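Shown next, in structure tokens, is the structure this report addresses.
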Number of protein chains: 2
Amino acid sequence: MENIRELFQVMTRRFGLLNKNCCSIDAVDISLVQSHILYEIDKREYPSMQEVAEVLGMDITTFSRQIQNLVKNGLVKKTPLPEDRRVYTLSLTTEGKFIATTLDREINRYLDEVFSHMTEFEKETVIRSIKLLNECMAKSSVCCKPLF
Amino acid sequence: MENIRELFQVMTRRFGLLNKNCCSIDAVDISLVQSHILYEIDKREYPSMQEVAEVLGMDITTFSRQIQNLVKNGLVKKTPLPEDRRVYTLSLTTEGKFIATTLDREINRYLDEVFSHMTEFEKETVIRSIKLLNECMAKSSVCCKPLF
DNA sequence: CATTTTATTTGTAAAATGCAAGTATATGTT
DNA sequence: AACATATACTTGCATTTTACAAATAAAATG
């Protein structure tokens, strides 16, 4: 049987490069970490700093500084939570949302292209496989908390 | 239909965290980039600097310095190529090989655990899916060169 | 032999990282 | 209420990582 890690390594490397390349679309030019942060904020409903930092496996202090930059660049808004003023709630500004959406479209467009090399049946099988994989990874206790 | 990018994002994030966590096994303590470099050198037959840097999508100058550290720490050997002395050939030292192997076993062990939550049939389907995906990504021209 | 190309390294400055310590707010205890 | 403890986030600081530009050194080309 083939080396399973290798399959993952190749796949995730490619997807990582894709994400990286997608960080500079015309005027937009953000770092890879920043794109991950935008993605997670966009996905969640007013998450706290901690929440996002943890999902991304980032040190909270590094994360704090990254957010400071994103706020300075007008992509992210930081709002103190009324019922617990230690907590800050994160959301995207209009421009942040625009960038996140553009990025998402770009990446999905690439993935569509990749899937165009398969039959409809294969495509569905692959997608179901990845979903199953994600579920099983979430179940696993060995390493890496559930993440969402 | 579900957002395909999201499926990838979750999966690769998890695998990334796994790689990260696996970087500090008992006495061993290397960085994530270093583990990727060791992996690629191990996989290939005396690759050149360029070759590895390109696969990893790293700037060659950054890569050069990372290799310097790995050589200093006794994990990698750099040998000038006799027939073209501009080129350096990379290989793992005994200790480097040991670390790469340990890491590989650790990660495969985790992946086995993940697959233990599936039936044998599901497992094979998932693995075949990832292989197919890798092939199609290699075919795609939109973004991200073939990589191997 | 001169010029150009290729593979790698070094200078340098900026950015990212993570630990330790700090601030501010909330929670729990007496 | 008063105090200690816990939590969410920030700042200081030293280290590491990064990447552009320029340098070196060895082919390849004309």
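Every chain is numbered from 1 and lettered A, B, ... according to where its sequence line falls, protein lines coming before strand lines. Keep in mind that this is a model prediction, so the values were computed, not measured. Just so it is clear, the values below take in all heavy atoms, side chains as well, and ignore hydrogens, waters and symmetry mates.
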Quiz item: Would you say the side-chain atoms of B:Thr12 and A:Thr12 include a donor-acceptor pair closer than 3.5 Å?
Solution: no
Exercise. Would you please say whether a donor-acceptor pair under 3.5 Å links the side chains of B:His117 and A:Glu135?
Key: no
Practice problem: Return no unless some side-chain N or O of A:Gln66 is found under 4.0 Å from OP1 or OP2 of C:dA16. | Solution: yes
Self-check item: N/O (side chain, B:Gln68) to phosphate O (OP1/OP2, C:dT10) under 4.0 Å
Solution: yes
Quiz item: With distance as the sole criterion, do the side chain of B:Arg86 and the base of C:dT8 form a donor-acceptor contact below 3.5 Å?
Solution: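 Answer is no: no donor-acceptor pair is held.
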Practice problem: Report yes or no: is there a donor-acceptor pair, N or O only, under 3.5 Å between the side chain of B:Thr61 and the base of D:dC20? | Solution: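 Check passes, donor-acceptor contact within cut-off.
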How long is the line joining [atom1] of [X] and [atom2] of [N], in whole Å?
X: B:Gln50; N: C:dT5; atom1: CD; atom2: C1'; answer: 12 Å
X: A:Gln34; N: C:dA15; atom1: CD; atom2: P; answer: 11 Å
X: B:Leu32; N: D:dT17; atom1: CG; atom2: P; answer: 11 Å
X: B:Arg65; N: D:dC20; atom1: CZ; atom2: C1'; answer: 10 Å
X: A:Asp29; N: D:dT18; atom1: CG; atom2: P; answer: 17 Å
X: A:Glu83; N: D:dA8; atom1: CD; atom2: C1'; answer: 14 Å
X: A:Ile37; N: C:dT17; atom1: CD1; atom2: C1'; answer: 13 Å
X: A:Ile30; N: C:dA15; atom1: CD1; atom2: C1'; answer: 16 Å

Selected nucleotide, minimal atom distance to [X] side chain, candidates [options]:
X: B:Ser31; options: D:dT11, D:dT17, C:dT6; answer: D:dT17
X: A:Asn69; options: C:dA16, C:dT9, C:dT25; answer: C:dA16
X: B:Ile60; options: C:dT9, D:dT11, C:dT25; answer: C:dT9
X: B:Asp59; options: D:dA27, D:dT7, D:dA19; answer: D:dA19
X: A:Ser64; options: C:dA26, C:dT8, D:dT11; answer: D:dT11
X: B:Arg85; options: D:dT17, D:dA26, D:dC9; answer: D:dA26

Practice problem: Quick one: look up who D:dG30 pairs with, Watson-Crick or G-U, both distances under 3.5 Å, and put none if it's unpaired. | Solution: C:dC1
Self-check item: Name of the residue among B:Tyr110, B:Tyr39, B:Phe15 meeting ring pair (Phe, Tyr, Trp, His ring centres under 6.0 Å) with A:Phe8
Solution: B:Phe15
Quiz item: So, are B:Arg128 and B:Glu124 salt-bridged, with charged N and O less than 4.0 Å apart?
Solution: no
Quiz prompt | Given DNA chain D, 5'-ward residue of the pair B:Met58 and A:Phe63, judged by closest heavy atom | solution = A:Phe63
Practice problem: Run the numbers on A:Tyr46 and A:Thr79 for side chain to side chain contact (heavy atoms under 4.5 Å, CB included), then give the verdict. | Solution: CA-CA 9 Å; A:Tyr46 293 94; A:Thr79 320; 5.6 Å; no
Self-check item: Whichever of B:Glu51 and A:Thr62 has its nearest DNA chain C nucleotide further upstream toward 5'
Solution: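 Counting from the 5' end, the first nearest nucleotide belongs to B:Glu51.
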Practice problem: May I ask you to decide if A:Gly74's main-chain N or O and A:Thr93's side chain share a donor-acceptor pair within less than 3.5 Å? | Solution: yes
